[in-house]
Student: 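Below is a structure I'd like to ask you about.
Note: hydrogens, waters and symmetry copies are ignored here, and every other heavy atom, side chains too, is used.
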Amino acid sequence: MFGFGNDVTLTMDKPHPTSLLDTGVQDVIGKPLDRVDGPKKVSGAATYAAEYQLDNMAYGVLVGSTIGKGEIVAIDADAVKSMPDVIDVVTDFDRFLLVAQQGGETSAPTQGVRKVEYFGQIVAIVIAETFEAARDAAARLPITYSRGEGVFDFSVDRQRDGNLPPNNVPAHSAQGDIDKAMADAAVTIDATYTTPSQNSAAMEPHASIATWDEDESLTLYGAYQMPTSDGQQLAKSLGVSAKKVRIIAHFIGGGFGSKLGIAPESVAAAIASKQLGRPVKAVMARSQVFDATVRRSNTSQRMRLAATADGKITGIGHETTASNLETEDYFEPAGISTHFLYQGENRLISHDLVRLNWLVAGSMRAPGEAVGLLGLECAMDELAHALDMDPIDLRRINEPECDPEKDIAFSSRSLIPALDEGAKAFGWAKRSAKPATRREGEWLIGMGVAAAARSNVLMETSAKVAIHPDGSATVSSAMTDIGTGSYTILTQIASEILGIPMDRITMELGDTNDVPAAGSGGSWGACSSGSAIYLACESLRAKLAKAMGAAEDALTLKDGLAIGDNRSTAIADLVGDGIEAVGKIKPGQQEKLFNQASYGAHFAEVAVNAVTGETRVRRMLGVFAAGRILNEKTARSQCLGGMTFGIGAALTEDMVHDKHSGRIVNHDLSEYHVPVNADVPQLGVIFLPERDIHANPIHAKGIGEVGICGAGAAIANAVYNATGIRVRDFPITLDKILPGLPDV
């Protein structure tokens, strides 16, 4: 290969006012193109973690504890090892994972499983020649415990741990005097909202196939969102060099945060494989995904709003109590958007933990905002009603000119345009301001609105792009596609800049043998990996110009041709034996100088049955501004999925813990009620045109999570508008509606 320096790095210390995505002529950016990986998925040709076929593979079934607190006295492996096809019972009380790791961490998760800290904790793995034999033996494996005294019942009155490290935001922050603001205000809201534990409920369960090579290196085929950091976690857990660990995750059947860090099945499979000297597959049962991976924390959120008689907010208090294990410091950052969404000089935002013997809490889609905006946006609706003011007008007059805490500018902010556009498209003017006044037969009808906000994140990541002698190209990175469309949008970026048709570009993702990447999570995947690809392609574009003897700004690349200085040359004729470049993006001063976030507005109309209390969402509209939209179809799908999450958070999802053992009593998709087709109406999505030159060179911002932010609050506010009943304990099930319904 020939080249002129293969690596290019950009640290976002300055704005990037121009973008090659605006000057490219391949005309694929922003278009609603089909997924390039779609045919493989619908035909079964896409290989997921549990589907790899390795020679001499054994099957492992995990065994979870049947107590919520205590210690293992004995595991009687001999009682099942004589069963047909059973190979062994593998335990490692020191190295087996107590909990799944948080996303982005490079250290091992908390290890050691002799002491039981929660019900369902993985303590052993049974290995057999067939899955059925392993499953049967795992169900029969005798384990003797010494029971301990656990804490299984959440209460804000329990001792709270407020000495917590930051989680994207500080655990505690204060500005001014919220108590004085409340005392002096003309109108106040002081209400507590509670949200339950939730499960990500991805279609694909957690799965790992582990195999060791003769050189003592491990390959793990895993269902993981962030292979680069996950490989480091796995190496630390096993006590081996990170160079000896390879994770392959080409296709992932959803994650929603539950697969950001490694989970117990990965280490169990790896240890068993090493011990047996053959590949081992371990796939979690659906109940084990609920019991032993990660949950979104339950929360109790005290919301306080102080306002003048004309609606200007003078004080905001958002005090969250969540829960986690004694060993873990992660807290649900429910107040993350409260820091900047509305003005108000007096502010108190805090997060405390109650220590419980429940499954570990961690990131789930839009950690913080998804539940935090249920509190904030419902409280804003309460304030609007107390002021006799339209909820959109209340938000309009409390629109801050700059970040109200950091006193820095917003990189771009389209909240009010989203509210205005949505109000017009949804028919907000037809809403009855007085609750419980619109009726159709036995159905009470109401509308609700809520703001959406999700902080934008740029992560350090890299990607390699190679143009081959035949003019085709390959993009490779440890980035992943968890069903969000990464394969497609990253192909579009490379195609637009290089002028190579998309069907001539091969995308290789999800392998730690390729250049490192931050992976998928936090809505940073497309923008971070897309920017790394952008930089690599920009470098290759310069090489093509030099090889052609043309000025870069005079070069046009389209359909495999390089056009410049009144000449046209095939790209294949310019690359010799091939050229390649590695692009690397890093966050810089721009994220400190500007508050960067995606914004939107949710509108919902519900019908509540005046007899049964049943709530039906009749229609929803989401209006979003997230910088450049890279693919209108995949972006729309992300927003639709987020809005569906909002329906679940508002109306159906509730992970129930037994107060005597901490056991999750509804640990399957039969009893844990995610929204199904009948629950989801026709959803509308509108994107506002926007570019953010401070975010990255592709001018895009995160879209994957803003769709859930505020969605549930819009539904809850619509329920109040329909019935006059304010439910603050989510989900809004009919038993919470029935007592307040008017007489028929």
Side-chain angles (χ1 to χ4, degrees), residues 50 54-99 109-148 150 205-212 216 218 220 234 237-240 262-289 291-293 357 661-663 667:
L54 277 61
D55 292 338
N56 197 33
M57 186 162 62
Y59 297 84
V61 170
L62 301 170
V63 180
S65 65
T66 55
I67 65 170
K69 177 68 175 178
E71 189 168 345
I72 296 173
V73 175
I75 296 179
D76 188 2
D78 290 337
V80 299
K81 287 172 67 174
S82 60
M83 295 174 63
D85 289 330
V86 172
I87 300 170
D88 203 356
V89 177
V90 177
T91 60
D92 192 321
F93 291 140
D94 294 325
R95 291 190 295 168
F96 271 27
L97 301 186
L98 176 68
V99 296
T110 304
Q111 294 175 271
V113 297
R114 183 178 291 277
K115 291 185 177 180
V116 176
E117 298 296 338
Y118 61 95
F119 197 103
Q121 174 184 314
I122 301 302
V123 297
I125 183 170
V126 177
I127 310 298
E129 296 292 349
T130 67
F131 165 73
E132 291 79 8
R135 181 183 58 187
D136 191 18
R140 298 168 184 259
L141 181 66
I143 303 178
T144 304
Y145 302 96
S146 172
R147 293 179 182 270
H206 290 61
S208 290
I209 297 175
T211 182
W212 295 81
E216 300 295 301
L218 168 68
L220 188 92
L234 185 57
S237 300
L238 298 171
V240 301
I262 61 171
E265 99 293 336
S266 63
V267 169
I271 290 174
S273 174
K274 185 70 177 292
Q275 186 169 311
L276 271 63
R278 57 190 290 191
V280 169
K281 177 195 290 191
V283 181
M284 281 191 165
R286 179 63 63 182
S287 59
Q288 291 175 331
V289 172
D291 288 342
T293 58
N357 293 106
S661 67
R663 178 181 183 179
H667 59 181

Student: Quick one: do Leu238 and Val267 satisfy side-chain contact (heavy atoms from CB on, under 4.5 Å)? Show the steps, please.
Tutor: CA-CA 7 Å; Leu238 298 171; Val267 169; 4.1 Å; yes
Student: In chain order, what residues pass the side chain to side chain donor-acceptor pair (under 3.5 Å) check against Ser208, with sequence neighbours excluded?
Tutor: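 For Ser208 the side chain to side chain donor-acceptor pair (under 3.5 Å) partners, ignoring immediate neighbours, are Glu265.
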Student: Using modelled atom types and a 3.5 Å cut-off, is there a donor and acceptor pairing between side-chain atoms of Gln111 and backbone atoms of Leu98?
Tutor: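 Absent.
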Student: Mind checking the OG-CE spacing from Ser266 to Met284? Nearest 0.5 Å is all I need.
Tutor: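 Ser266 atom OG to Met284 atom CE measures 8.5 Å (nearest 0.5 Å).
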Student: Within a strict 4.5 Å, meaning less than it, do heavy atoms of the Phe131 and Val283 side chains meet?
Tutor: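 The answer is no; the side chains never approach within 4.5 Å.
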Student: Determine whether a donor-acceptor pair (N or O, by modelled atom type, separation under 3.5 Å) exists between the side chain of Ser273 and the backbone of Ala269.
Tutor: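 Looks like no, no N/O pair under 3.5 Å.
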Student: Shortest non-hydrogen contact from Ala50 to Ala207?
Tutor: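 Shortest heavy-atom contact: CB-CB, 4.0 Å.
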Student: Would you indicate whether the side-chain heavy atoms of Tyr145 and Ser65 approach each other to under 4.5 Å?
Tutor: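 Result yes, sub-4.5 Å side-chain heavy-atom pair found.
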Student: Tell me, please, which residues at least two apart from Glu129 pass side chain to side chain donor-acceptor pair (under 3.5 Å).
Tutor: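 Partners of Glu129 under the side chain to side chain donor-acceptor pair (under 3.5 Å) test: Arg278.
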Student: Just verifying a value: how many Å separate Leu218 CG and Trp212 CH2, rounded to the nearest 0.5 Å?
Tutor: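 Between Leu218 CG and Trp212 CH2, I get 4.5 Å after rounding to 0.5 Å.
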Student: Show your reasoning for whether side-chain contact (heavy atoms from CB on, under 4.5 Å) applies to Val113 and Gln121.
Tutor: CA-CA 8 Å; Val113 297; Gln121 174 184 314; 3.5 Å; yes
Student: Closest heavy-atom contact between Ala124 and Ile75?
Tutor: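 That closest heavy-atom pairing would be CB-CD1, 4.3 Å.
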Student: To check you understand the geometry: which heavy-atom pair defines the closest contact between Asn357 and Gly150, and what is its length?
Tutor: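 Reported closest heavy-atom pair: OD1-CA, 3.2 Å.
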Student: Using a 3.5 Å distance criterion without hydrogens, assess whether the side chain of Gln288 forms a donor-acceptor pair with backbone atoms of Leu62.
Tutor: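 The answer is yes, because a donor-acceptor pair under 3.5 Å joins these two groups.
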Student: With sequence neighbours left out, write down each residue that passes side chain to side chain donor-acceptor pair (under 3.5 Å) with Ser146, or none if nothing qualifies.
Tutor: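 Here no residue qualifies.
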Student: For Val80 versus Ala137, what's the shortest heavy-atom pair and its separation?
Tutor: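 Shortest heavy-atom contact: CG1-O, 3.6 Å.
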Student: Could you give me the CA-CA distance, side-chain angles and deciding distance for Thr144 and Ile72, then say whether side-chain contact (heavy atoms from CB on, under 4.5 Å) is met?
Tutor: CA-CA 6 Å; Thr144 304; Ile72 296 173; over 6 Å; no
Student: Does a side-chain N-to-carboxylate-O contact under 4.0 Å join Glu71 and Arg147?
Tutor: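 Arg147 and Glu71: not salt-bridged.
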Student: Hey, can you pull the donor-acceptor pairs under 3.5 Å for the side chains in residues 86-94, sequence neighbours left out?
Tutor:
{"from": "Asp88", "atom 1": "OD2", "to": "Gln275", "atom 2": "NE2", "distance (Å)": "3.3"}
{"from": "Asp92", "atom 1": "OD1", "to": "Asp94", "atom 2": "N", "distance (Å)": "3.2"}
{"from": "Asp92", "atom 1": "OD1", "to": "Arg95", "atom 2": "N", "distance (Å)": "2.9"}
{"from": "Asp92", "atom 1": "OD2", "to": "Arg95", "atom 2": "NE", "distance (Å)": "2.8"}
{"from": "Asp92", "atom 1": "OD2", "to": "Arg95", "atom 2": "NH2", "distance (Å)": "3.1"}

Student: So which heavy atom on Asn56 is nearest to which on Pro279, and how close?
Tutor: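 The pair with the smallest heavy-atom distance is O-CD, 3.7 Å.
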Student: Please tell me if the side chains of Ser237 and Leu97 come closer than 4.5 Å, counting only heavy atoms from C-beta onward.
Tutor: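 Yes, close enough: below the 4.5 Å cut-off.
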Student: Phe96 vs Ile271, test: side-chain contact (heavy atoms from CB on, under 4.5 Å). Steps then yes/no.
Tutor: CA-CA 8 Å; Phe96 271 27; Ile271 290 174; 3.8 Å; yes
Student: Side chains of Ile209 and Val280, heavy atoms from C-beta outward: is any pair under 4.5 Å?
Tutor: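 Not in contact.
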Student: My understanding is that only residues two or more places apart in sequence, or in another chain, count here; which of them pass side chain to side chain donor-acceptor pair (under 3.5 Å) with Arg140?
Tutor: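 Only Asp136 meet the side chain to side chain donor-acceptor pair (under 3.5 Å) criterion with Arg140.
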Student: Can you check whether Ala134's main-chain N or O pairs, donor with acceptor, with Tyr59's side chain at less than 3.5 Å?
Tutor: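 No, Tyr59 side chain to Ala134 backbone: no donor-acceptor pair under 3.5 Å.
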Student: Sorted by first residue and then second, give each salt bridge (Lys or Arg N to Asp or Glu O under 4.0 Å) pair with at least one member in residues 111-125; sequence neighbours left out.
Tutor: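 Of all non-adjacent pairs touching residues 111-125, those that pass salt bridge (Lys or Arg N to Asp or Glu O under 4.0 Å) are Lys69-Glu117.
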Student: Within the structure provided, determine whether Ile143 and Thr66 are in side-chain contact (heavy-atom separation under 4.5 Å).
Tutor: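 With C-beta onward as the side chain, the pair stays apart.
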Student: Distance from Leu234 atom CG to Ile262 atom CD1, nearest 0.5 Å?
Tutor: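 Those atoms lie 5.0 Å apart.
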Student: If you measure from CE on Met83 to CG on Leu141, what distance do you get to the nearest 0.5 Å?
Tutor: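 Met83 atom CE to Leu141 atom CG measures 10.0 Å (nearest 0.5 Å).
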Student: Any idea which heavy atoms bring Ser82 and Ala79 closest together, and the distance?
Tutor: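 Scanning both residues, the minimum pair turns out to be OG-O, 4.4 Å.
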Student: Supply the atom-to-atom distance Ile127 CD1 to Asp85 CG, rounded to the nearest 0.5 angstrom.
Tutor: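 Those atoms lie 13.5 Å apart.
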